[in-house]
Amino acid sequence: MQEFDSKQYKIYSWKNWMVLHYIINPGIAFNEIFLGMRVPKVSLVDKTQKDKPFIERSYVPCPHCNTLHDARLWSANYKTHMKNWFGLYCVSCGEIIPCLMNATTFLLKWLTFPVWYWFRDNWKAKWLAAQPKRFENIDLATFENPFGKNMWLKQGLSFGFFMFVFMNLISPLIDETPFNWKKVLISIPVWLVAGLLFGYFMKAFLGQKIKNS
Ligand SMILES: [Zn+2]
């Protein structure tokens, strides 16, 4: 494993509670399997750049070429936060930066092993060939916090809407519970508030600066 200066960086690896939660939460499996969301095994946050928001102080190291990538390379702004089924593509060396795997994803992956095994190499080659183009026109100088200004409202509401639909339509289909109007009505304000809280939390979290004490 690479060594990092722990005086300069806060290091997020599997030992961090947020990362552990990522591995344990079964809901993450949906994002990983269908959307191709990936979180690198190691990420760093610079503790010395006190005037910069969190999102501009986050880095992803490539263990193959040791490049310290700006974490914003893989963001919703460039649609590079998804479709990373084989890991995070390193634009410097063309290798794949190792990522975490959610426990449920891991389980499903091995249970369905006989199905995808035969397609994997072909799929991976195609995926890899498509990567350089995705990162071609990224200009981080014009990057805007996806939750900044009033964007958190839109992001929060769409998250709330997605959860509302998922919990009321898709989830009952999976566990075969009968449709219940009362439950649906109650869940409207619940997901509205939860969505707005999520949006606001993300805005505050990603924009977080270190206050000089
Ligand atoms: Zn690399």
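Remember, it's 1-based here, ligands and their atoms both numbered in the order they're listed. Just the heavy atoms: all of them, side chains too, but no hydrogens, waters or symmetry mates, feed the values below.
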Residues passing the side-chain hydrogen bond (donor to acceptor under 3.5 Å, both in side chains) test with N168, sequence neighbours excluded, are S187
Kindly compute the distance separating CD (Q8) from NZ (K47), expressed to the nearest 0.5 Å. 9.5 Å
Which residues pass the salt bridge (charged side-chain N to carboxylate O under 4.0 Å, His left out) test with D70, not counting sequence neighbours? R72
Given a threshold of 2.8 Å, state how many protein N/O/S atoms are nearer than that to the Zn ion (ligand 1). 4
Give every residue pair that meets the salt bridge (charged side-chain N to carboxylate O under 4.0 Å, His left out) criterion with at least one member in residues 140-149, sequence neighbours excluded. E144-K149
Between F4 and Y9, how do the two ring planes meet: parallel, tilted or perpendicular, split at 30° and 60°? perpendicular
In terms of relative ring orientation, are F162 and F166 parallel, tilted or perpendicular, with 30° and 60° separating the classes? parallel
